[in-house]
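Structure first, then comments.
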Amino acid sequence: MAKPPQGQQDFIRAIVSRDLDTHQFGGAVRTRFPPEPNGHLHIGHAKSLCVNFGIAGEFAGGRCNLRFDDTNPAKESSEYVESIREDVRWLGFDWEDRCFFASDYFERFHDYAVSLIKKGRAYVDSLSADDIRRHRGTLTEPGRDSPYRTRSVEENLRLFSHMRAGDFEEGAHVLRAKIDMASSNINLRDPTLYRIRRAPHHRTGAAWAIYPTYDFAHPLSDALEGITHSLCTLEFEDHRALYDWVLDECAVDCHSRQIEFARLNLTYTVMSKRKLTALVDEGHVSGWNDPRLPTLRGLRRRGYPPDAIRRFCEHIGVAKRDSVIDVRLLEHFVREELNARAPRVMAVLRPLRVVLTNYPDGDGEELPAVNNPEDPSMGARMVPFSRVLYIERDDFCDDPPPRYFRLAPGREVRLRYAYIIRCADVIRDERTGEIVELHCTYDPDTKSGSGGAVRKVKGTVHWVSAAHALEAEVRLFDHLFTVPDPDHDPEGREYRSLLNPNSLERLRGCRVEQALRDAAVGRRFQCERQGYFCVDDDSTGGQLVLNRIVALRDSWAKIAPGRSQETR
RNA sequence: UGGGGGAUCGUCUAGGGGCAAGACAACAGAUUUUGGAUCUGUGAACCCAGGUUCGAUUCCUGGUCCCCCAGCCA
């Protein structure tokens, strides 16, 4: 016997609980995640996944199926099926042995269609698509019956079998439900149930010449799988009457309850399949796995941990109101997860050479550094230190503003895990005046962990030893769009014109700690004081490429806006 | 000008005839060998108008605004 979860419930869980209490579905809870294999999953799908698998997991005996809604062979392919399965698995959901396809049910759908014809509830219409549209009426005017609406059952049966046999051209006929051409709900004005398609289907090949529409296939798929709660997004709200009509007319033994909830929108991005496809096809991004995209492949490559995505989806809740979630909430969960898990490392993105004039020449020394101050069990590592180092260009300022605690002429700063140094000389390019190198002195008594280390300085700065550092390319990402809601720009501009021209910044010649030498693709790190980074797919044996997943919170950027060279 | 939905802090989400709660964001402070993390605190909301009621954000009535629907897409 299923038991409802305790605690705060969203409206869907409340309905499921109530259905359990009233024995609506014999105590069962079955949901499904029903993607169409015509594109890649995005974080909006992750919300749906969390709702469907989440609810199934919370109620005893609950099950969630993965079901591919593959009723349109012209748009679908098995590559998408595999991509979707991979993404669902990556997020951590397990459909066990319940991966289904609507196409598995084609024969049964056909039989239901025949039964509808026999009952006089469906007919073959031979109007063109244009004429059907003209007969449909408008939002305020009723439609008109098709002249073919009164065909006899026998003729409908004969025509439908010829449709199935492939005797007609695409568009020559369709099978329509016979409901009500005057209905105020346009979905009920004799909706199309079957259309002729000559495209090969990715699973059934050329076996079928006719394919069911979503409105016919979806309720029947749910019924056949014993789905109790068919959860979908708001735009299907007025399809529910049709959903129920199909189930009422088709003599199935399970009548699922369709419940609609608001889809996920995120600030500074777009989520519609159409817009995402356009961004990829028009080359605004490098592909479906571009780290700036909200696709699951993009987020994965960017380095977003799946657990953070799930926790985000659980946190935002489920409701019916249209909303746009602040992407910073997602980033919060990414930081929270990575703060706990990611090993720390030092990396200099924009290197500035520093020579410690009083430090002995030679191999230098090795200094211990903790891997994660949040988690002592992650241990420590040795970091090479020597006479010539790199620090971040941003960590030196010729003419420091108030409250600038980093290095400046004559000032002191601590090198993380090492010594306090003082800037003695600024070496410039004679021609350009550009700072090429700093000459500093170090205080040997201030080594981290030693007695002299108790001396306080205002700032601590990260560094790498020039002779020991690895070179890397680092990619910094900013929002893909310049406005929070590119779907609804207040000035009415089209989303393409709102793309952020600076959403990708590639830094070459970055210097990173040796600890990254053999880091596998996908490994995540915190580069101290900068952010969380992930080893990109583009990395090769010789060239390390890092993606910045998300920057650390930067309180200096708030104190001195515009002072920091880094975006975000 | 048909039908279906929805309006609660800046953004999400709860609640519900009796002090409107949480998270993110913001702000202030403490702390810190990451200007990170952590901790403490502050500001911040019931679409409008009537009605019922001792009392309405909640119930009723009437508005206003927003979203979706006229595919042989899903």
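Reminder, nothing fancy here: chain letters follow the sequence lines and each chain counts from 1. No hydrogens, no waters, no symmetry mates; every other heavy atom, side chains included, goes into these values.
At a cut-off of 3.5 angstrom, counting only N and O atoms as typed in the model, there is no donor on one side facing an acceptor on the other between the side-chain of A:Arg328 and the base of B:rU11. One can find a donor-acceptor pair under 3.5 Å joining the base of B:rA74 and the side-chain atoms of A:His239. Not a single donor-acceptor contact under 3.5 angstrom links the side-chain atoms of A:Asn185 to the base of B:rG4. Side-chain atoms of A:Arg406 come within donor-acceptor range of the base of B:rG35, with a qualifying N/O pair under 3.5 Å.
Nucleic acid contact class of A:Arg403 (heavy atoms, under 4.0 Å, all strands): base. Nucleic acid contact class of A:Gly449 (heavy atoms, under 4.0 Å, all strands): base. Across all strands, A:Lys273 comes closer than 4.0 Å to no nucleic acid atom at all (heavy-atom distances). As judged by a 4.0 angstrom heavy-atom cut-off over every strand, A:Ile559 is placed among the base-contacting residues. Counting non-hydrogen atoms under 4.0 angstrom, A:Ser183 reaches nothing in the nucleic acid. Here A:Leu127 lies in heavy-atom contact (under 4.0 Å) with a base. Residue A:Thr138 is in base contact, counting any heavy-atom pair closer than 4.0 Å across all strands shown. Here A:Ile132 lies in heavy-atom contact (under 4.0 Å) with a base. Backbone-only contact: A:Val318 has heavy atoms under 4.0 Å from sugar-phosphate atoms and none from a base. Here A:Val457 lies out of heavy-atom contact (under 4.0 Å) with every strand. Across all strands, A:Tyr404 comes closer than 4.0 Å to base atoms (heavy-atom distances). Counting any heavy atom pair closer than 4.0 Å across all strands shown, A:Ala319 reaches sugar-phosphate atoms only and no base atom. Using a 4.0 Å heavy-atom cutoff across all strands shown, A:Gln526 reaches at least one base atom of the nucleic acid. Heavy atoms of A:Glu374 sit under 4.0 angstrom from at least one base atom.
In summary, the aromatic rings of A:Phe216 and A:Tyr112 are positioned with their centroids too far apart to meet the 6.0 Å limit.
Nearest nucleotide to the A:Ser323 side chain, out of B:rG6, B:rU13, B:rA70: B:rU13. Considering only side-chain atoms of A:Asp326, the nucleotide from B:rC12, B:rA70, B:rG10 that sits closest is B:rG10. Checked against B:rC67, B:rG35, B:rA70, the side chain of A:Ile186 finds its nearest nucleotide in B:rA70. Side-chain atoms of A:Glu528 lie closest to B:rU34 of the nucleotides B:rA74, B:rG4, B:rU34. Comparing B:rU34, B:rC73, B:rC12 against the side chain of A:Val324 picks out B:rC12 as the nearest. Here B:rG3 is the nucleotide among B:rG3, B:rG5, B:rC73 with the atom lying nearest to any side-chain atom of A:Asp238. Taking only side-chain atoms of A:Arg414, from C-beta outward, the nucleotide of B:rU33, B:rC73, B:rC24 with the closest atom is B:rU33. Across B:rA70, B:rC73, B:rU33, the shortest atom-to-atom separation from the side chain of A:Ser448 is found for B:rU33. Counting only heavy atoms from C-beta on, A:Ser184 has its side chain closest to B:rG3 among B:rA74, B:rG36, B:rG3. Listed nucleotides: B:rC73, B:rC12, B:rA70. Nearest to the side chain of A:Ile316: B:rC12.
Put simply, A:Arg189 has no side-chain N or O that comes within less than 4.0 Å of OP1 or OP2 on B:rA70. For A:Lys558 and B:rA26, the shortest distance from a side-chain N or O to OP1 or OP2 is below 4.0 Å. When the side-chain nitrogen and oxygen atoms of A:Thr71 are compared with OP1 and OP2 of B:rA74, one or more of them lie within a distance under 4.0 Å. An OP1 or OP2 oxygen of B:rA70 is reached within less than 4.0 angstrom by no side-chain nitrogen or oxygen of A:Arg144. Between A:Lys456 and B:rU33 there is a side-chain N or O to OP1 or OP2 distance below 4.0 Å. Within the 4.0 Å cut-off from OP1 or OP2 of B:rA74, at least one side-chain nitrogen or oxygen of A:Arg195 is found. OP1 or OP2 of B:rU32 has not a single side-chain nitrogen or oxygen of A:Arg529 nearer than 4.0 Å. The side chain of A:Ser555 contributes an N or O atom lying less than 4.0 Å from OP1 or OP2 of B:rG36. Taking only side-chain nitrogens and oxygens, A:Arg136 comes nearer than 4.0 Å to OP1 or OP2 of B:rG71.
Looking at A:Asp10 and A:Arg13, a side-chain N of the basic residue comes within less than 4.0 Å of a carboxylate O on the acidic one, giving a salt bridge. Salt-bridge annotation for A:Arg529 and A:Glu392: absent, with no side-chain N of the basic residue lying under 4.0 Å from a carboxylate O of the acidic one.
The partner of B:rG2 is B:rC69, judged by Watson-Crick or G-U wobble contacts that both fall below 3.5 Å. Nucleotide B:rG18 forms a pair with B:rC54, judged by Watson-Crick or G-U wobble geometry with both contacts under 3.5 Å. Across every strand in view, B:rC24 sits in a pair with B:rG10 that passes the Watson-Crick or G-U test at under 3.5 angstrom. Base pairing annotation: B:rG29 forms a Watson-Crick or G-U wobble pair with B:rC39, both donor-acceptor distances under 3.5 Å.
A cation-pi arrangement, defined by a distance under 6.0 Å to the six-membered ring centre and an angle within 45 degrees of its axis, is present between A:Arg164 and A:Trp208. A cation-pi contact, defined as under 6.0 Å to the ring centre and within 45° of the axis, links A:Arg203 to A:Phe101. Cation-pi contact between A:Lys320 and A:Phe261: absent, since separation from the ring centre below 6.0 Å together with deviation from the ring axis within 45° is not met.
Remark: the separation of the C1' atoms in B:rC12 and B:rA25 is 11 Å, to the nearest Å. Between B:rC46 and B:rC9, the distance separating the two C1' atoms is 10 Å to the nearest Å. The P atoms of B:rG10 and B:rC69 are separated by 29 Å, rounded to the nearest whole Å. For B:rC60 and B:rU53, the P atoms lie 16 Å apart once the distance is rounded to whole Å. Annotation: B:rA7 and B:rG16 have their P atoms spaced 15 Å apart (nearest Å). Rounded to a whole angstrom, the distance from the P atom of B:rG22 to that of B:rA14 is 16 Å. Distance check on atom C1': B:rA20 versus B:rU57 gives 8 Å, rounded to whole Å. B:rG36 and B:rU32: their P atoms are spaced 13 Å apart (whole Å).
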**Study point:** Evaluation steps, ring pair (Phe, Tyr, Trp, His ring centres under 6.0 Å), between A:Trp556 and A:Phe405
**Key:** CA-CA 10 Å; A:Trp556 171 245; A:Phe405 300 146; 7.5 Å; no
Check your understanding: Going through the distances and angles, do A:Phe68 and A:Tyr80 end up as a ring pair (Phe, Tyr, Trp, His ring centres under 6.0 Å)?
Key -> CA-CA 10 Å; A:Phe68 288 94; A:Tyr80 291 122; over 10 Å; no
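Under the salt bridge (Lys or Arg N to Asp or Glu O under 4.0 Å) test applied with A:Glu412, the options A:Lys456, A:Lys458, A:Arg455 reduce to a single match, A:Arg455.
With its glycosidic angle within 90° of 0, B:rG71 is assigned syn.
Atom CD of A:Glu79 has 12 or fewer neighbouring heavy atoms from other residues, nucleotides or ligands inside a 6.0 Å radius.
Toward the 5' end of RNA chain B, the nearer of the two residues A:Thr446 and A:Asp215, judged by each one's closest nucleotide, is A:Thr446. Comparing A:His488 and A:Phe333, the nucleotide of RNA chain B nearest to each residue sits closer to the 5' end for A:Phe333.
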